[in-house]
> 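First the structure, then my questions, so here it is.
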There are 2 protein chains.
Amino acid sequence: MRRPAKRVTSADVARAAGVSAATVSYVLNDTPGQSIPEETRRRVLDAVKRLDYRPRGSARSLAAGRSDVVLLSIPHLSIGPGINRFVEQFATALADAGLTLVTHLAGAPGRPLPDVCAAIDASVVVSLDPLDDETVQALRRAGADLVFTTEFEAHPTMRLMGRLQAEHLIDLGHRRLGYAMPEHPLLRKIAGDRLAGVAEACAHAGVDPPTALDTRLDGAAMARAARRWRRESVTAVCAYNDEVAIALLMGLRRAGLTAPGDLAVIGTDDIPLAQAADPPLSTIAFDLEKVGRSLADAVVANLSGRKPRLTPASLSPHVIHRAST
Amino acid sequence: MRRPAKRVTSADVARAAGVSAATVSYVLNDTPGQSIPEETRRRVLDAVKRLDYRPRGSARSLAAGRSDVVLLSIPHLSIGPGINRFVEQFATALADAGLTLVTHLAGAPGRPLPDVCAAIDASVVVSLDPLDDETVQALRRAGADLVFTTEFEAHPTMRLMGRLQAEHLIDLGHRRLGYAMPEHPLLRKIAGDRLAGVAEACAHAGVDPPTALDTRLDGAAMARAARRWRRESVTAVCAYNDEVAIALLMGLRRAGLTAPGDLAVIGTDDIPLAQAADPPLSTIAFDLEKVGRSLADAVVANLSGRKPRLTPASLSPHVIHRAST
DNA sequence: ATGAAAGCGCTAACAG
DNA sequence: CTGTTAGCGCTTTCAT
């Protein structure tokens with residue numbers, strides 16, 4: 001499995017193509033202001049293919065002073081399983097612009113983000129986690145010349161999600177809402193923002209403020225919570241996410257209640273099980289793929305000096321109405 | 001957000017500490033065979049901290065001929081949500097050995113693995129996806145001097161998981177088993193391996209071969225499947241994973257049946273919802289954290305020339321018995 | 001249109 | 001013990 005291995009270098013390609021290393025570089029980078037005759041270009045590209053040559057990123061960025069590597073930092077507790085679809089689109093769109101994406105799982109006691117950034121010499125860092133100013137500075141010193149902190153977990157979008165949940169329920173005629181808070185401490189902050197959105201919507205519609213209850217992913221506990229809501233005349237609850245919502249659906253069943261008759265339920269994320277749930281779960285979803293693409297656009301635009309355009313609106317969460325409400 | 005930024009270099013540190021760049025390198029790398037007086041070391045380390053200096057990975061690996069970057073390739077359709085726990089442990093254990101982990105989502109139409117490897121100049125590549133020989137060669141040429149392909153999706157472990165599911169059910173007295181195949185084409189191969197394991201266990205126990213049915217994540221479809229199994233006297237079914245299992249649980253309910261009385265169900269992965277399910281779902285789980293650590297050990301051992309030890313056994317899936325069986 | 005040459009920031013002999 | 005000196009593989013003026 002181990003071996004020294006002598007990697008192919010640009011000099012090898014140059015030799016094979018009968019040109020200089022400089023020319024190889026020109027061809028491979030489409031260096032502006034260099035006119036390469038078709039014939040030469042072909043010879044070089046040929047040698048590249050034949051030798052399966054790949055420029056070493058380290059040498060490249062050392063010489064050029066910038067790399068084409070983008071580092072994405074994802075929070076440990078990710079934004080549902082849809083994150084994959086997001087990353088996929090993001091990576092693809094970046095690749096189209098000649099950029100390479102790698103990912104780092106934040107929060108772990110592993111290596112701090114700036115260290116990783118320096119280690120791989122990323123020139124762009126995108127964080128789905130909020131980054132404090134100090135970290136951003138450290139990232140700059142570490143060599144990042146572009147740092148993006150997305151609004152994923154920021155108040156406006158989170159509040160909007162809560163608002164959408166509540167508005168959907170209120171539109172359906174509910175006048176007393178519950179909110180199912182997640183048990184995990186790291187989720188509480190986000191949950192708080194979403195709950196605030198729910199409260200906003202309630203206030204705006206002139207209905208009672210929501211009754212928030214802490215919930216565990218546990219059938220018995222959920223059954224208890226359900227009864228408690230019923231006791232307080234709550235007729236519909238916004239769950240932190242689809243997991244919580246499905247657990248609640250199961251808790252309802254165990255308590256001998258049904259959705260949406262006894263208690264309507266709405267989640268967020270649109271996980272695969274949401275459709276399989278009984279009744280199928282209403283939920284709030286992002287078009288994660290679109291988000292991935294527009295984020296990539298923003299990165300590329302910024303890199304090429306053009307103005308970026310990444311408004312929270314481009315996250316555009318939307319309601320998916322299914323039988324659970 | 002943008003800026004040229006003048007990064008701190010080792011020369012800056014040398015100047016600030018009143019030593020040469022070489023000495024800085026010696027101190028930072030604990031270069032064997034170099035004895036640095038405590039006083040000098042302190043001055044250097046001091047300057048490093050003061051300037052928040054981080055060696056550029058590109059320069060480092062260019063000069064040293066090897067980087068401390070490990071690239072992990074994860075399949076698009078990941079091994080359940082537990083993957084995060086795995087990555088976390090893996091990253092942490094690697095960090096303890098001075099290695100930096102970054103992740104790549106395979107399968108996307110983004111950039112091929114070898115390109116990514118070359119771009120970040122990784123010296124170790126670990127793939128949770130099976131890698132064909134050609135790719136492994138390409139990775140070597142791309143600069144990886146260590147390539148690991150784990151057994152995660154390989155036959156032995158997958159078969160073992162199926163066998164464990166079946167044995168658990170058979171131990172419980174079931175004599176006719178069903179298998180719930182996932183609908184996603186990319187999952188069929190893995191599912192096939194697991195089903196083979198189920199069949200093995202059945203043969204070994206002298207009971208009828210399992211009745212496999214294709215299933216969609218959809219309540220109505222699951223209800224139909226449940227009835228079909230019942231018709232064929234199946235009393236227990238092994239589900240491809242917990243998602244499928246939970247959907248089946250819901251389908252059962254919709255068909256007016258109960259688990260485990262009418263049909264026992266067992267999944268795999270132990271996702272959070274497994275405990276919240278009603279009844280709580282029996283399942284097969286890995287100790288993903290242990291896997292992460294032992295994989296890191298194997299990488300480090302191999303890198304330092306010692307023999308690696310990563311047997312399929314170190315994946316050790318085990319049964320979690322809950323009320324659904 | 002192409003090549004020669006000078007580094008990019010760092011490590012690794014080799015001197016001293 | 002520490003500094004000097006070569007490069008690592010590539011890009012990028014600057015000549016030609």
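Below, read A as the first sequence line, B as the second, and so on, with proteins coming before strands; counting in each chain starts at 1.
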> Got a sec, which residues hit side-chain contact (heavy atoms from CB on, under 4.5 Å) with Ala138(A), two or more places apart in sequence or on another chain?
Pro114(A), Arg141(A), Asp52(B), Arg54(B)

> Could you list all the ring-ring contact (aromatic ring centres under 6.0 Å, His included) pairs where at least one residue sits in residues 87-143 of chain A, not counting sequence neighbours?
Phe86(A)-Phe90(A)

> Applying side-chain contact (heavy atoms from CB on, under 4.5 Å), name anything that partners Arg66(B), two or more places apart in sequence or on another chain.
Ala64(B)

> Starting at atom CZ of Arg15(A), determine the distance to atom C1' of dG3(C), rounded to an integer number of angstrom.
15 Å

> For Arg188(A), enumerate each residue passing the salt bridge (Lys or Arg N to Asp or Glu O under 4.0 Å) test, keeping only those at least two apart in sequence or located in another chain.
Asp214(A)

> State, to the nearest 10°, the angle formed by the axis through the first five base pairs of the helix from dA1(C)-dT16(D) to dG16(C)-dC1(D) and the axis through its last five.
40°

> Can you give each donor-acceptor pair under 3.5 Å made by side-chain atoms of residues 38-45 of chain B, sequence neighbours left out, with the distance rounded to 0.1 Å?
from     : atom 1 : to       : atom 2 : distance (Å)
Glu39(B) : OE2    : Arg43(B) : NH1    : 3.2
Arg43(B) : NE     : Ala17(B) : O      : 3.0
Arg43(B) : NH2    : Ala17(B) : O      : 3.2

> Generate the contact string for nucleotides 9-16 of chain C. Rules: B means base contact, S means sugar-phosphate contact only, - means no protein heavy atom under 4.0 Å.
BBSBBB--

> Taking only residues two or more places apart in sequence, or in another chain, which ones meet Glu289(A) in a side-chain contact (heavy atoms from CB on, under 4.5 Å)?
Arg85(A), Gln89(A), Asp287(A), Arg293(A)

> Cut-off 3.5 Å, no hydrogens considered: what does the side-chain donor-acceptor table look like for residues 94-103 of chain A, sequence neighbours left out?
from      : atom 1 : to        : atom 2 : distance (Å)
Thr100(A) : OG1    : Arg111(B) : NH1    : 3.1

> Under the rule for salt bridge (Lys or Arg N to Asp or Glu O under 4.0 Å), what residues qualify as partners of Arg15(B), not counting sequence neighbours?
Asp12(B)

> The criterion is side-chain contact (heavy atoms from CB on, under 4.5 Å); which residues satisfy it with Ser25(A), sequence neighbours excluded?
Asn29(A)

> Just the endpoints, please: which first and last nucleotides of DNA chain D, 5' to 3', lie under 4.0 Å from a heavy atom of chain B?
dC1(D) to dG9(D)

> Do Ser294(B) and Asp297(B) pair up side chain to side chain, a donor and an acceptor below 3.5 Å, judged on atom types alone?
no

